[in-house]
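Count residues from 1 along the sequence.
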Amino acid sequence: MDAMTDPTTAASAPIFTGPFEGSERAAALIPRLQEFLNGELAELARAHHVNHEDGASRELLQQVWQRSHALGFYRMTLPEKMGGLGLSVLDHALVKEAIYSSGSPFAPHVFGELSGPPRVGALARFATPWQMQQFILPVAQAEKAICFALTEEQAGSDAGAVQTHAVQEGDAFVVNGRKRFISGAPFADFAVLVCSTAATPSADPRQREVSAFFVDLKAPGVRVESGYKTMAGQSSTGNIVFENARVPAACLIGERGRGLGLALGRIAVNRLLHCPGMLGLAQVALRDARDYALSRQQFGRAIGQFQAIQHMLADMATELAAARALMIHTARQLDAGAEGRAESSMAKLFCSETAFRIADRAVQIHGGEGIVQGRRVEFLFRLLRMYRVLTGTSEIQRNAIAKELLA
C-alpha cells in the first residue's frame with residue numbers, strides 16, 4: 001500500500017508555506033496537533049485498519065476522544081469558561097484546516113466535530129444547571145457523544161418545516177417523528193432534537209412553533225437506524241425514529257418556540273467553519289496529484305514535465321489559494337463583529353465548488369489509477385462532491401447571497 005493509497009500516510013512538502021495568518025497560540029497548537037495526527041493516530045488507524053471508508057468502532061472513537069481530551073485538544077473550541085481556548089473564528093478555521101489537511105481518517109474526531117464539544121458550546125448559555133451536568137459536561141469531557149437532529153425528509157434547507165412533533169403531557173413531552181441524515185447518530189448517546197411543539201403543525205412559517213430538546217437516544221421509544229452509507233462510502237450518518245418517546249420537560253433548551261433560533265443562531269460562523277475542512281481535504285488532493293505527477297513516468301520522463309499536467313496543477317493551486325483567502329477574509333470580518341451572512345455563504349459556495357474541482361483534476365492527473373477505489377483521490381472526489389450538498393446546498397448559498405444583495 002503506497003502513500004496515495006494509505007490514508008494514514010502523511011504527504012510530503014506542504015502547499016502553503018507563507019506567514020501564518022492566525023495568532024501565536026494557534027501557531028503553537030498546530031504542530032502539536034499534526035504530531036498527534038501523523039504519529040499516534042496514524043499508528044492507531046493502521047493497527048485497527050481504519051480508513052476513510054472503513055470507520056472506527058464506537059469503542060475506538062471513545063479512545064480517540066479521551067486521548068485528545070487528555071492532550072488538551074478536545075475542548076479547544078469551547079469558551080474559556082468551559083475549559084476551552086476561546087479561539088477566534090480565524091484561529092478555529094486555521095486549526096481545523098491543519099487537522100483536515102493531514103489526511104487522517106480521525107480528523108473529524110480530534111475535537112469532536114461530529115459528536116463532541118462543537119455541538120454543545122453555543123448551547124451552554126441557554127442550558128439549566130441540570131442540563132449542564134446531565135448533557136453538556138459529559139460531552140465536553142469526552143465521556144458521551146451528541147448529535148444535532150434537525151434534518152427530515154421534508155425539512156432540510158427549510159429548517160422550520162420540521163414534522164417531528166412534541167406534545168406536552170404533564171412534566172414530559174411525547175415525541176413522534178423521524179429524523180434523517182443525522183451526522184454522528186450511529187455513535188451518539190444524546191441528541192439535540194429540533195421539533196415542532198405547535199398545537200397543530202402548519203406549513204405557514206408564521207404559525208410554526210419550533211423548540212429544541214436534549215434527548216437520551218437510549219430512552220424508550222427512541223431508536224437510531226444506521227448502516228446505510230453515503231456516496232463517499234461512510235457510515236457515520238443515521239436516522240433517528242421517535243415513537244411515543246417521553247422526553248422530560250426539563251430537557252427543553254431555552255424557551256419553547258425558540259428552537260429554530262438556537263439551531264440557526266450562529267449560522268454565519270457555522271457556514272464559514274465548514275470551509276476549512278473542505279480546503280484541508282483539497283490540499284490533500286493537490287499534494288497527492290503533485291506527488292503522483294513527480295513519480296509517474298511516461299515516454300521516459302515524469303508526467304509533471306508535461307505542460308498539460310503543469311497547467312492543471314497551476315490551476316488547482318491558484319483556485320485553492322483564492323478560496324483560502326476568501327475563507328480567511330470572512331473569518332476576520334466575523335471576528336470584527338460583522339454579521340457576515342452573505343460573506344459566509346460566498347465562502348461556503350466558493351470553497352465547496354473549488355474543492356470539488358481540485359479533486360476532479362487530481363483524479364484526472366492520476367489517470368486510470370485515479371478511478372480505482374482504494375486510491376485516496378478517488379475517495380476525495382466522492383467526499384468533496386458531497387460538500388456541494390451538505391450543510392446548505394450551493395443553490396441555497398446563492399439564494400442567501402442574492403437576498404443580502406437585494407435587501
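Not a single donor-acceptor pair under 3.5 Å links the side chain of Ser68 to the backbone N or O of Val64. Without hydrogens or angle criteria, Ser101 side chain to Ala98 main chain gives a donor-acceptor distance under 3.5 Å. Between the side chain of Lys179 and the backbone N or O of Val194 there is at least one donor-acceptor pair closer than 3.5 Å. The backbone N or O of Gly304 lies less than 3.5 Å from a partner atom in the side chain of Gln310, making a donor-acceptor pair. In this structure, Asp91 contributes its side chain and Ala26 its backbone to no donor-acceptor pair below 3.5 Å.
Residues Val175 and Phe213 have side chains not in contact (no heavy-atom distance under 4.5 Å, counting atoms from C-beta outward). In this structure, the side chains of Phe187 and Ser226 stay at 4.5 Å or more apart for every pair of heavy atoms. Under the 4.5 Å side-chain criterion, counting only non-hydrogen atoms from C-beta, Ile240 is in contact with Cys147.
Between the CD1 atom in Ile365 and the CG atom in Asp291 there is a gap of 11.0 Å [rounded to 0.5 Å]. Taking CE of Met312 as the start and CD1 of Ile303 as the end, the distance is 8.0 Å to the nearest 0.5 Å. Atom OG of Ser104 is separated from atom CG of Leu37 by 5.0 Å, given to the nearest 0.5 angstrom.
Between Glu35 and Arg32, no side-chain nitrogen of the basic residue sits less than 4.0 Å from a carboxylate oxygen of the acidic one, so the salt-bridge criterion is not met. Contact check on Arg180 versus Glu152 returns no salt bridge, with no Lys/Arg side-chain nitrogen under 4.0 Å from an Asp/Glu carboxylate oxygen. Residues Glu169 and Arg246 are paired through a salt bridge, judged by an N-O separation under 4.0 Å between the basic side chain and the carboxylate.
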| task | Start with the C-alpha gap between Met346 and Phe350, add the side-chain angles, then the distance that decides, and say whether side-chain contact (heavy atoms from CB on, under 4.5 Å) holds. | result | CA-CA 6 Å; Met346 289 176 185; Phe350 190 70; 5.9 Å; no
Working for side-chain contact (heavy atoms from CB on, under 4.5 Å), residues Phe379 and Asn51: CA-CA 10 Å; Phe379 164 76; Asn51 55 49; over 6 Å; no
ask   = Between Val192 and Phe135, does a side-chain contact (heavy atoms from CB on, under 4.5 Å) hold up when you go through it step by step?
value = CA-CA 10 Å; Val192 175; Phe135 299 105; over 6 Å; no
message: Could you walk me through whether Glu97 and Arg324 satisfy the salt bridge (charged side-chain N to carboxylate O under 4.0 Å, His left out) test, starting with their C-alpha distance in whole Å, then the side-chain angles of each, then the deciding distance to 0.1 Å, before giving a yes or no?
response: CA-CA 10 Å; Glu97 178 192 40; Arg324 191 168 185 267; 2.7 Å; yes
### Task
Mind running ring pair (Phe, Tyr, Trp, His ring centres under 6.0 Å) on Phe356 and Tyr387 for me, showing each step along the way?
CA-CA 8 Å; Phe356 176 67; Tyr387 276 108; over 10 Å; no
Using a 3.5 Å cut-off and no angle test, enumerate the donor-acceptor pairs between side-chain atoms of residues 70-84 and protein atoms at least two apart in sequence or in another chain.
unit_1: Arg75; atom_1: NH1; unit_2: Met82; atom_2: O; d: 3.4

Donor-acceptor pairs under 3.5 Å, side chain of residues 247-261 to any protein atom, not counting sequence neighbours: which ones?
unit_1: Arg256; atom_1: NE; unit_2: Glu209; atom_2: OE2; d: 2.8
unit_1: Arg256; atom_1: NH1; unit_2: Gln168; atom_2: OE1; d: 3.2
unit_1: Arg256; atom_1: NH2; unit_2: Thr197; atom_2: O; d: 2.8

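With sequence neighbours left out, the salt bridge (Lys or Arg N to Asp or Glu O under 4.0 Å) criterion links Arg178 to Glu225.
Sequence neighbours left out, the pairs with a member in residues 333-352 that pass salt bridge (charged side-chain N to carboxylate O under 4.0 Å, His left out) are Glu339-Arg341, Arg341-Glu404. Applying the salt bridge (charged side-chain N to carboxylate O under 4.0 Å, His left out) test to every pair with at least one member in residues 48-58, sequence neighbours left out, gives these pairs: Glu53-Arg382, Arg58-Asp189. Among residues at least two apart or in separate chains, side chain to side chain donor-acceptor pair (under 3.5 Å) pairs with a member in residues 111-136 are Lys96-Glu113, Tyr100-Glu113.
For the residue pair Gln163 / Glu153, no side-chain donor-acceptor distance below 3.5 Å is found, with atom types taken as modelled.
Among His311, Glu319, His366, the one residue that satisfies the side-chain hydrogen bond (donor to acceptor under 3.5 Å, both in side chains) test with Arg361 is Glu319. Screening Asp360, Ile358, Val284 for a side-chain contact (heavy atoms from CB on, under 4.5 Å) with Leu380, the sole residue that qualifies is Val284.
Within 6.0 Å of the CD atom in Gln297, the count of heavy atoms belonging to other residues, nucleotides or ligands exceeds 12.
The six-membered or imidazole ring of Phe111 lies near that of His92, with a centre-to-centre distance under 6.0 Å. Side-chain rings of Phe214 and Phe190 stay apart, their centers remaining 6.0 Å or farther from each other.
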